Visitor: 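First the structure, then my questions, so here it is.
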Amino acid sequence: MKKTSDKVMPLTAAIEKYVHPGAHISIGGFTLNRNPMAAIYEIIRKKIDNLHLYVHSNGTGLDELIGANAVSKLEIAYGGNGKAAPTCIRFAQAVLKKEILIEDYSNYMMSLRFMAGAMGVPFLPTLSGFGSQILTTWGFSRKMRKNDPRLANEKLAVLDNPFGDFGGAGKVVVVPAINPDITIIHVQKADAMGTCSIKGLTFADIEQAKASRHVIVTCEELVQKEDLRHNPDLNQIPFIHISCVCHVPFGGYPTAVYGYYDYDSSYLRMFANAAKDDKKFKAYQDEYIFGVKDHGQFLEKVGQDRLSAIKADPKTGYAVNMKRS
Amino acid sequence: MKKTSDKVMPLTAAIEKYVHPGAHISIGGFTLNRNPMAAIYEIIRKKIDNLHLYVHSNGTGLDELIGANAVSKLEIAYGGNGKAAPTCIRFAQAVLKKEILIEDYSNYMMSLRFMAGAMGVPFLPTLSGFGSQILTTWGFSRKMRKNDPRLANEKLAVLDNPFGDFGGAGKVVVVPAINPDITIIHVQKADAMGTCSIKGLTFADIEQAKASRHVIVTCEELVQKEDLRHNPDLNQIPFIHISCVCHVPFGGYPTAVYGYYDYDSSYLRMFANAAKDDKKFKAYQDEYIFGVKDHGQFLEKVGQDRLSAIKADPKTGYAVNMKRS
Amino acid sequence: MASKESYTPREIMTIMAAREINDGDIVFSGTGISMLAATAAKNINAPNSVIFFETGAMDSLLEELPFAVADPRIMYWAAANARLTDAFATMQNRITGDRVIAILGAAQIDIYGNLNTTCIGDYDSPKVRFSGSGGGCDVASFVPRCIAFMQHEKRKFVRKLDYLTSPGQLCGQNSREDAGLRPGGVSVVVTNLGIMRFDQESGEMYLDKFYPGITPQKILENMEFEINIKKAVPADPPTKKELQILRDVCDPQRLILD
Amino acid sequence: MASKESYTPREIMTIMAAREINDGDIVFSGTGISMLAATAAKNINAPNSVIFFETGAMDSLLEELPFAVADPRIMYWAAANARLTDAFATMQNRITGDRVIAILGAAQIDIYGNLNTTCIGDYDSPKVRFSGSGGGCDVASFVPRCIAFMQHEKRKFVRKLDYLTSPGQLCGQNSREDAGLRPGGVSVVVTNLGIMRFDQESGEMYLDKFYPGITPQKILENMEFEINIKKAVPADPPTKKELQILRDVCDPQRLILD
């Protein structure tokens with residue numbers, strides 16, 4: 001009998017179970033690092049669409065999802081992918097063509113919104129953004145906000161400081177909590193119960209996971225419970241927050257996973273080149289996403305040579321002297 | 001020439017430099033764990049008084065400071081010291097005798113107040129405390145609050161949720177930030193620049209340090225910078241927040257320091273017994289605090305046997321099968 | 001029928017509290033008897049329950065009983081060692097918070113399950129001072145189910161609290177919701193004499209169960225206020241198996257049971 | 001007098017920015033040329049400056065130049081790897097925030113040092129879409145001194161921004177304070193032609209320095225709006241030593257300089 005604490009399932013089943021058309025979804029990682037790419041490619045293969053996507057700074061995962069027309073609404077601080085695409089190409093195009101509705105925040109605001117969701121408070125305050133159009137220019141209409149109870153009735157609000165000018169601030173900006181239906185993160189190690197250990201920067205993954213109704217974890221290594229218990233200080237997310245665990249080595253590829261592999265800058269450049277042209281982009285998707293049945297086949301297509309070339313040096317956590325462009 | 005990045009100084013000089021009568025101070029740790037005891041004994045020996053003390057749950061350090069009449073004002077959630085004193089004895093007595101002014105909050109509220117200070121916002125919201133007297137019964141007068149710009153004009157406040165009932169809350173309690181003049185924490189490892197690595201639970205030490213104008217770190221081990229750089233994931237406080245570093249082995253004694261030593265329950269019991277009686281308590285202080293010139297002499301008085309008895313087992317981090325009472 | 005085992009008041013209290021814990025519950029625990037009740041539940045009826053502490057440790061191994069919630073014994077072999085703010089967020093957050101059951105103690109309780117852990121007498125000139133809220137007020141604000149452990153004495157079951165530290169049903173009816181709180185607070189009181197619960201409508205305490213050898217009348221005699229005893233039934237006494245596990249597995253050294 | 005060295009526009013920009021960084025400053029850096037300026041400062045004039053990233057890494061070793069602020073290269077040998085929320089709190093908090101100097105870039109800048117990194121054209125029907133604020137708006141809100149790196153072109157120095165992403169002096173005078181912001185925002189603009197600062201009173205940009213071979217007039221010709229050039233003086237050209245360190249120590253592989 002499967003223990004109730006065992007949450008391991010195949011990635012395809014996890015996406016099937018938790019990611020539905022129209023879902024409010026958030027994905028972990030930052031631009032070209034630790035994006036849950038295997039899960040994202042599976043969402044695309046399953047043609048799940050109409051997603052409401054929440055990210056702070058994202059790049060690779062964001063542009064694949066938008067390029068696949070999976071996203072209809074987007075709340076975001078930054079859409080860029082490092083040197084390969086200072087502004088994400090399909091993202092920019094979708095905004096210009098009005099294929100997605102967008103609501104712009106700052107990076108701190110988006111992080112605070114996930115944090116508010118994780119804390120269980122309706123909002124958090126910041127002193128960021130006064131005077132900027134982030135406060136005054138809204139992407140989502142009031143009507144749209146009213147029709148979805150998962151959205152706050154306002155993009156954000158300004159409150160007087162109830163303590164006068166205590167703390168050197170007469171007023172604060174408050175940003176509404178985000179509690180996604182589903183968050184997907186990719187981590188270095190997880191156990192079958194779902195406890196996660198992230199190596200290197202955690203970005204806002206911890207807050208995103210704790211804010212979410214359901215959480216899919218994909219992991220490089222599925223380890224024994226004991227392996228994670230030796231040092232609980234290195235485990236950022238205890239199992240109670242996690243819905244299911246999928247063991248997907250190279251599940252962050254082509255983004256970097258600290259201590260395991262680097263980003264594949266040739267893949268990111270190939271993607272960026274394809275993204276500039278609709279026909280080329282369709283060919284790219286047909287070959288690399290729809291042309292394979294799962295992440296394993298995708299990695300076979302990429303080939304062992306490229307995976308070896310990005311292998312992380314155990315000391316520094318990245319591929320030392322890797323050819324980058 | 002001493003490098004500007006070298007912040008190491010003797011504990012007595014650090015207390016001299018940063019802890020002044022009337023200072024607003026916070027101390028790290030929780031009840032009987034990782035209190036900065038060496039620093040606290042030094043404050044007492046220097047007869048620094050009129051302190052405004054901020055703690056969440058504290059025990060050993062709190063009761064020593066109050067017993068020494070060092071504290072005139074206290075903001076606190078919990079004054080207890082585990083099995084030895086479910087309510088801190090000198091603390092309770094000082095409240096009854098009105099020797100200290102006290103303002104009661106909850107543990108989460110105090111933690112959020114440090115967090116607000118660390119974040120640089122005037123307040124943070126919570127859904128805790130509605131209907132409780134923590135909201136309605138104030139210990140500090142409005143006049144006192146008005147006379148000290150370091151205090152908010154109100155103990156706390158209730159705000160309407162600007163997003164309606166979004167997040168399932170029509171209103172929130174907001175608690176004002178704390179930015180102490182000085183915070184003292186005791187950690188397992190620090191380097192000369194002040195970067196800290198805490199093992200085991202961090203309680204609210206990180207927030208307390210980041211909220212504070214000055215921070216004294218006492219550490220079990222003063223390590224080379226290189227020793228802390230191998231795994232930055234284990235360093236919770238980077239050096240930019242730290243004013244000075246004092247190398248004080250057993251600096252948390254008689255409280256526990258995870259991975260190094262356990263609490264000394266016989267000392268805590270001896271303290272609790274002495275605390276019940278003014279004469280006995282004076283004798284205790286004369287012997288253990290004023291009768292020694294520094295923490296080194298204090299430890300000599302305690303004796304190697306007792307220090308050996310509480311030595312932590314390297315696997316579990318505490319003294320396995322230690323006699324406790 | 002349960003066999004007639006002999007047991008101490010502390011043993012029956014622990015077992016009655018353990019029975020309140022469901023499999024899969026996240027158990028917010030203090031030390032002492034609450035810790036023992038959580039451990040008993042895990043070993044008897046709720047193997048997948050998870051114990052956690054306000055200090056931030058989740059699912060610690062607890063090879064030795066901790067003497068405080070900051071005891072280093074709770075830091076070993078945990079799933080994660082987090083911060084104080086994380087621990088409370090776990091309860092304030094509805095996604096995880098609704099799965100939490102908490103065990104609290106208090107110096108005074110009233111008919112609405114409000115708790116006092118602050119002082120006896122006037123707040124400005126108290127006769128007795130206790131430790132204060134700690135996490136009590138937070139937990140009672142956030143968590144849908146709280147077990148209060150109390151000694152059944154008149155001075156503890158009082159008509160009016162000297163200080164309301166942790167909110168229960170406040171003054172009954174919709175007053176908890178009106179004040180801004182979600183449903184929750186103390187939902188069951190486990191004493192040395194019996195088990196009290198709260199009426200859904202009125203928010204008032206009533207007697208649910210009385211222990212073997214105890215009468216509802218005796219329970220009323222040990223309270224300052226009157227409660228409904230009409231629904232009260234005898235409690236099923238601790239079973240042989242429950243007692244055996246409690247004694248042999250949970251506290252073989254009788255650190256807390258004695 | 002500095003000797004007559006030859007240098008590229010990128011080299012002089014980097015060195016001019018590096019000179020803005022004081023010893024002990026905490027430098028908020030992006031990648032590319034801002035990273036190089038931070039490294040140059042550390043190697044030339046501010047050995048105790050500390051580089052950090054919005055992603056949470058503090059004082060990373062940077063043995064290889066990172067290509068993004070989430071590049072794994074910034075995670076190695078840092079003093080601490082924290083969270084996004086921690087990085088921004090470091091700047092929002094006055095105790096540490098006032099010691100931060102930030103380096104930003106933008107698609108458009110106006111006379112008050114407000115920045116646009118969001119879009120060209122109307123927000124609802126843009127002609128060009130950029131990456132968005134990222135941390136830009138936060139940094140410009142929190143940090144007392146920001147260096148803006150810009151190419152000196154008319155389409156970038158505009159009379160009116162298409163979207164105000166990151167607040168500078170807003171509309172001058174006390175408008176920044178009136179809006180709820182602390183003093184801060186872009187305090188110096190470093191371009192391929194010269195260096196602009198902002199008048200304390202009016203909040204308006206003025207020409208502080210023009211590079212060798214560049215005239216104030218040429219600078220005006222490359223802007224949509226007029227600025228005061230009366231206080232402008234020639235910039236001290238990069239010294240031999242500055243150039244040597246920049247080239248040989250900071251970017252020997254010319255990953256960014258080329």
Side-chain angles (χ1 to χ4, degrees), chain B residues 1-7 114-124 150 177-183 187 189-198 202 206-215 223-243 245, chain D residues 22-29 42 45-63 71-101 138-139 141-144 180-184:
Chain B
M1 201 188 79
K2 191 172 170 175
K3 280 192 297 177
T4 58
S5 57
D6 187 338
K7 298 172 186 164
F114 289 122
M115 191 169 156
M119 288 169 69
V121 286
F123 61 83
L124 280 174
R150 290 168 292 189
I178 296 171
N179 288 110
D181 297 322
I182 177 77
T183 286
V187 306
K189 289 183 185 176
D191 68 15
M193 298 169 81
T195 296
C196 299
S197 181
I198 297 173
T202 56
I206 303 167
E207 291 82 3
Q208 288 175 264
K210 291 185 176 180
S212 193
R213 288 178 188 84
H214 298 287
V215 181
V223 299
Q224 293 300 306
K225 176 179 164 182
E226 290 68 29
D227 294 332
L228 292 184
R229 299 283 172 134
H230 287 289
N231 193 350
D233 302 1
L234 289 172
N235 307 334
Q236 299 89 353
I237 312 176
F239 58 90
I240 61 160
H241 301 279
I242 305 302
S243 309
V245 180
Chain D
N22 298 325
D23 204 22
D25 280 354
I26 303 169
V27 186
F28 174 91
S29 174
K42 217 170 151 61
N45 52 299
N48 294 297
S49 58
V50 178
I51 301 171
F52 92 112
F53 299 92
E54 63 181 319
T55 40
M58 176 71 66
D59 199 36
S60 324
L61 187 59
L62 304 170
E63 283 188 319
D71 194 303
R73 281 149 193 80
I74 72 161
M75 303 181 188
Y76 176 57
W77 213 256
N81 279 335
R83 307 179 187 187
L84 229 55
T85 49
D86 294 317
F88 288 109
T90 298
M91 293 184 277
Q92 189 171 226
N93 174 337
R94 292 339 298 149
I95 301 157
T96 40
D98 280 345
R99 293 155 56 198
V100 176
I101 182 167
D138 308 310
V139 170
S141 297
F142 300 149
V143 166
L181 293 165
R182 287 141 171 185

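Quantities reported herein were computed from a predicted structural model and do not represent experimental measurements. Here is the naming used below: chain letters follow the sequence lines, and residue numbers restart at 1 for every chain.
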Visitor: What closest approach, in Å, do B:Lys225 and D:Asp59 show between heavy atoms, and which atom pair accounts for it?
Guide: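 Nearest heavy atoms, B:Lys225 then D:Asp59: NZ-OD2, 4.5 Å.
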Visitor: By a 4.5 Å heavy-atom criterion (distance strictly below it), what part of B:Asp191 contacts chain D: side chain, backbone, both, or neither?
Guide: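 Interface part for B:Asp191: neither.
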Visitor: For the candidates B:Ile206, B:Ile240, B:Asp233, which exhibits the highest count of non-hydrogen atom pairs separated by less than 4.5 Å from chain D?
Guide: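 Greatest number of close heavy-atom pairs with chain D: B:Ile240.
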Visitor: The test is side chain to side chain contact (heavy atoms under 4.5 Å, CB included); show your working for D:Leu61 and B:Arg229 and say whether it passes.
Guide: CA-CA 9 Å; D:Leu61 187 59; B:Arg229 299 283 172 134; over 6 Å; no
Visitor: State whether the number of non-hydrogen atoms from other residues, nucleotides or ligands found under 6.0 Å of B:Glu226 atom CD is greater than 12.
Guide: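 For B:Glu226, atom CD is crowded (more than 12 foreign heavy atoms under 6.0 Å).
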Visitor: Under a 4.5 Å heavy-atom cut-off, does chain D meet the side chain of B:Ala177, its backbone, both or neither?
Guide: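 When you check distances to chain D, no heavy atom of B:Ala177 falls under 4.5 Å.
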Visitor: Donor-acceptor pair, D:Asn81 side chain versus B:Pro232 backbone, under 3.5 Å?
Guide: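 Answer holds: no.
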Visitor: So for B:Ser212, is it side chain, backbone, both, or neither that comes closer than 4.5 Å to the heavy atoms of chain D?
Guide: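 Backbone only.
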Visitor: Nearest 0.5 angstrom please: B:Thr195 OG1 to D:Met58 CE, how far?
Guide: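 Between B:Thr195 OG1 and D:Met58 CE, I get 9.0 Å after rounding to 0.5 Å.
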Visitor: Does the side chain of D:Phe88 reach to within under 4.5 Å of the side chain of B:Met119, using non-hydrogen atoms?
Guide: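 Not in contact.
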Visitor: As an exercise, state the distance from OH of D:Tyr76 to NE2 of B:His230, rounded to the nearest 0.5 Å.
Guide: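 Answer rounded to 0.5 Å: 7.5 Å.
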Visitor: Report yes if the side chains of B:Lys210 and D:Asp86 come closer than 4.5 Å at any heavy-atom pair, otherwise no.
Guide: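 A side-chain contact exists here, since the closest heavy-atom pair is under 4.5 Å.
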Visitor: Check whether D:Thr85 gets within reach of chain B through its side chain, its backbone, both or neither, counting any heavy atom under 4.5 Å.
Guide: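 Contact with chain B: none, neither part.
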Visitor: Is chain B contacted by the side chain of D:Arg83, its backbone, both, or neither, given a heavy-atom distance below 4.5 Å?
Guide: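 Neither the backbone nor the side chain of D:Arg83 comes within 4.5 Å of chain B.
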Visitor: Using non-hydrogen atoms only, which part of D:Ala78 is less than 4.5 Å away from chain B: side chain, backbone, both, or neither?
Guide: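 For D:Ala78, the contact with chain B is made by backbone and side chain together.
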Visitor: Compare every heavy atom of B:Asn235 with every heavy atom of D:Ala80, then report the nearest pair and how far apart it is.
Guide: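 Shortest heavy-atom contact: CB-O, 3.2 Å.
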Visitor: Name the region of D:Met75, side chain, backbone, both or neither, that has any atom closer than 4.5 Å to a heavy atom of chain B.
Guide: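 Only the backbone of D:Met75 comes within 4.5 Å of chain B.
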